[in-house]
*Asks:* 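Take a look at the following structure, please.
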Amino acid sequence: MAKRADITPINRIPWVALNKKVKGLKALPEGNNCQDSKEMGTDIGSAIHKNQPEFLAWLNAVRDRMQKQLVAEEAQMVEKM
């Protein structure tokens with residue numbers, strides 16, 4: 001309305017709900033409601049003892065097996081916002 005642009009960083013999850021409430025907003029990078037954006041990400045991790053390769057292999061197998069399901073569940077929750 002004022003013919004100007006305001007810019008602010010926003011987390012990818014609140015963006016979805018805000019975008020539905022306020023018309024005319026844009027997010028960069030575009031596409032997929034910014035769900036694939038790594039901007040402002042917070043890395044989290046765990047450590048295991050370096051002499052536990054079997055445990056590490058098991059953890060990686062669980063991660064690989066569940067990744068697709070977890071991504072789908074996240075997308076489903078975001079759509080409900």
*Asks:* With clusters built from Ile, Leu, Val, Met, Phe, Trp and Tyr whose side-chain heavy atoms come within less than 4.5 Å, directly or transitively, what are the remaining members of the cluster of I48, listed by chain and number?
*Replies:*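 Listed partners: F55, L56, W58, L59, V62, M66, L70.
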*Asks:* Please list, chain by chain and in numerical order, all residues satisfying side-chain hydrogen bond (donor to acceptor under 3.5 Å, both in side chains) with R63, sequence neighbours excluded.
*Replies:*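 Partners of R63 by the side-chain hydrogen bond (donor to acceptor under 3.5 Å, both in side chains) criterion, ordered by chain and then number, come out as N60.
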*Asks:* Would you name the heavy atoms of K20 and K23 that are closest together and state the gap between them?
*Replies:*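 What the structure gives for the nearest pair is O-NZ, 3.7 Å.
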*Asks:* How would you list, by chain and number, every residue that makes a side-chain hydrogen bond (donor to acceptor under 3.5 Å, both in side chains) with E73, sequence neighbours excluded?
*Replies:*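 For E73, the residues satisfying side-chain hydrogen bond (donor to acceptor under 3.5 Å, both in side chains) (neighbours in sequence not counted) are Q69.
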